[in-house]
There are 2 protein chains.
Amino acid sequence: MNLKELATKLGLSPTTVSRALNGYPEVNEATRARVIAAAKRHNYHPNTRAIRLATGRAMAVGHVIPIATRHEIVNPVFADFIAGAGETYSRNDYDMILSVVPDEDEEATYRGLKSKGNVDGVIVHAPRMNDPRIALLREIGLPFVVHGRATGSSEPYSWLDVNNRRAFQRATEFLLDLGHTRIGLVNGLEFMDFAIRRRTGYVDALTARGITPDPALMFSDEMTEVAGFRATQAMLALPQPPTALLCASMISGMGARRAVESAGLTVGRDVSIIIHDDDLSYMKNGEDVPIFTATRSSVREAGRLAAEMLLGLIAHPEDAPQQRLLEAELIIGQSTGPAPKA
Amino acid sequence: MNLKELATKLGLSPTTVSRALNGYPEVNEATRARVIAAAKRHNYHPNTRAIRLATGRAMAVGHVIPIATRHEIVNPVFADFIAGAGETYSRNDYDMILSVVPDEDEEATYRGLKSKGNVDGVIVHAPRMNDPRIALLREIGLPFVVHGRATGSSEPYSWLDVNNRRAFQRATEFLLDLGHTRIGLVNGLEFMDFAIRRRTGYVDALTARGITPDPALMFSDEMTEVAGFRATQAMLALPQPPTALLCASMISGMGARRAVESAGLTVGRDVSIIIHDDDLSYMKNGEDVPIFTATRSSVREAGRLAAEMLLGLIAHPEDAPQQRLLEAELIIGQSTGPAPKA
DNA sequence: GAATCGCCTCAAACCGCTTTGGATGGTTCA
DNA sequence: TGAACCATCCAAAGCGGTTTGAGGCGATTC
């Protein structure tokens, strides 16, 4: 059933039927009702491809997921971020199209998306320092929202981020208040913007209390279980091992836990651990009582909001770029305690 | 730059330019070369929307990710599966469109996808027993491949699955060979097809050795850390606790580990653990020596293959349904050992 | 009674490509 | 030498909608 058939069946022209269904005012309300009823009865759904060609809009947004060719790692937060964004898109009848591309093909992918016209805008994932994608997207004129920020970009652009610096600063202060002074950092890769900011927060908090950050206590790697394990194991082997750790994610925190326990120590007593918790649906940090003390911010909610920002931008491209900074909560769980007496 | 402009610029008709670019034989090779050169020079990319309307093909496949409204859990294997599938799609110039929908809206989503014509086929995720989606998709005539199988569906359909029964059977046998007789099962939700099959494999192996499966040792829940923890904790509190566990995923295995260790026991000595390892990129089971003994099958590879099957089906809809059963490897890690002497 | 005005409706152009059904001119072959 | 045949190219008709510009028509105004 297409528009023309429906129109003939109703004894109307396609024009009128189209207008009736799309809520244009120049059609009699009685007629409109009749048309809508018929459309429902005949189960008429306008062909998306035709709408897209006619209107020039793609009614779709792109998410380009870069795969680091070296590590081949898909960041697990994508799943939840996308679930959140997807909710927004469904509500607005937008499609979400995902491109999984080796990071060296990213530029070509964005250009293709624009020139072939299959999306109206994109979400930029995993921004790095001085991320070239921002200039690129502005150049080719594709609306975009960055999930995170890109230190080093001068011109304003739209982004949505968690206050990573503040979160790790507060977490560090919390540990300091508990009497810890040897605090280790199990950070993500430090060319990623969020990791840089977290490190800054950590360093700032230490410095503010007169503690000189010790490079031997700062690790930076993929946020995997194994990497968390290795970093922790290395730190625990030091002459002056840390009594507390800041971990970049739930998963690296689990690696840290394994290292602590396989060293015969107990988490929360011998070694305190604070993680950053993205509140992933399949990776809940305990139930009533959180397993880990954590800085928490829902990445799913971030997905929802970022998608809304993007749709807004697409609807009003002339608007100024939007920014939104979310604060993480500091939630107390079972993995932290006072520093052990020396 | 569109086709018509390019044609005028070349002094050719749109027809010829289109044919030249699409490799049709009725065009002089010299002309073709000239056209291709001009297209490159002017950075011409055909408008996807127009192609789609003209050809009637969407050049896109859909992945409908159901969100269980009750738990709101996004299965973490999606990320890797989709990364794998995405590779296949990119190579074939297909778009991947993701719909994240509450499971009660699933049927409407599939129908909409078909009648609005935005995809040429779909991948069905997370099949359950007697899954209604199979009949639905056949009815509406949308090509599909199921990731997994749906016990109870009579008519043939295309699927790609891991031999879950066999994997868990072998894992159980391996534990039996090590002298374990009290073996616990920390399974996924048993309305999911894969969970049913795993349980069958486990039960079969026990029965074959004359051991009656003990309901007190069989748990079924979401595959989360917390669920793994709880199930394990409950079993360890039994008068006759298990000396070995089969866990449905790396994540539930981590919960199990936490429970074992917080009971003051040691994994691999007091309690052996075997997990199923989907070989997720961010959740590697150790490096040289695996952390967990595991049945392993790469879900990313599964994504690649399933996508290939689907594209084949779309290209040749008349072909008979395809099936493919992947075998999981049993890899030995540090989490298993002989049964402790009673 | 003619002119004006709103309200509805329609025919036709258009979006940018593919594809069908010729047209053209040069070759080949009987 | 004329017919059949290629090889090459083009005009035009879609694909299924949206949107512009133009009426038709009954009611109102002067």
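Residue numbers begin at 1 in each chain, while the letters A, B, ... track the order of the sequences.
Listed by chain and number, the residues in a side-chain contact (heavy atoms from CB on, under 4.5 Å) with B:L326 are B:L160, B:A302, B:L305, B:R324 (sequence neighbours excluded). Here A:A54 pairs with nothing under the side-chain contact (heavy atoms from CB on, under 4.5 Å) rule; sequence neighbours left out.
Contact annotation: the side chain of A:L21 never approaches that of A:P46 to less than 4.5 Å [non-hydrogen atoms, C-beta and beyond]. When side chains are defined from C-beta on, A:Y110 counts as touching A:V124, because their heavy atoms get closer than 4.5 Å. Using a 4.5 Å cut-off on side-chain heavy atoms (C-beta onward), B:L142 and B:V119 make contact.
Regarding contacts with the backbone of C:dT19, a side-chain N or O of B:Y24 is found under 4.0 angstrom from either OP1 or OP2.
At most 12 heavy atoms of other shown residues, nucleotides or ligands fall within 6.0 angstrom of atom CZ in A:R57.
At whole-Å resolution of the value, CG in B:L3 and C1' in C:dC15 are 13 Å apart. If you take NZ of B:K4 and P of C:dT18, they are 14 Å apart, rounded to a whole angstrom. One interatomic measurement links the two molecules: CD1 of A:I51 to C1' of C:dG16, which rounds to 17 Å at whole-angstrom precision. Note: CZ (B:R49) to P (C:dC17) measures 10 Å, nearest angstrom.
The side-chain hydrogen bond (donor to acceptor under 3.5 Å, both in side chains) test with A:R52 is passed by exactly one of A:N118, A:N47, A:D95: A:D95. Just one of B:L311, B:T88, B:I97 meets the side chain to side chain contact (heavy atoms under 4.5 Å, CB included) condition when paired with B:V61; it is B:L311.
Aromatic ring orientation, B:F81 versus B:H147: parallel (interplanar angle below 30°, classes split at 30° and 60°). Using bins of under 30°, 30° to 60° and over 60° for the plane-to-plane angle, the ring pair A:H125/A:H63 lands in the tilted bin.
B:E139 and B:K114 are not joined by a salt bridge, as no carboxylate oxygen comes within less than 4.0 angstrom of a charged side-chain nitrogen.
Note that the CG atom of B:D278 and the OG atom of B:S298 stand 8.5 Å from one another [nearest 0.5 Å]. Atom CE of residue A:M309 and atom CZ of residue A:F144 lie 10.5 Å apart, to the nearest 0.5 angstrom.
Judged by closest nucleotide on DNA chain C, B:A50 is the one of B:R19 and B:A50 placed further toward the 5' end. Residue-to-nucleotide proximity on DNA chain D shows that, of A:L53 and B:P25, the 5′-proximal contact is made by B:P25.
Contacts with DNA chain C (heavy atom under 4.0 Å) in residues 26-48 of chain B: B:Y44, B:P46, B:N47, listed by number. Within residues 10-18 of chain A, the residues having any heavy atom closer than 4.0 Å to DNA chain C are, in order of number, A:G11, A:L12, A:S13, A:T15, A:T16.
End-to-end axis angle of the helix from C:dG1-D:dC30 to C:dA30-D:dT1, using five pairs per end and rounding to 10°, comes to 60°.
Protein chain B contacts DNA chain D from D:dT8 to D:dG16, reading 5' to 3' and using non-hydrogen atoms of the protein with a distance under 4.0 Å.
Looking at heavy-atom distances under 4.0 Å, A:R52 makes no contact with the nucleic acid at all.
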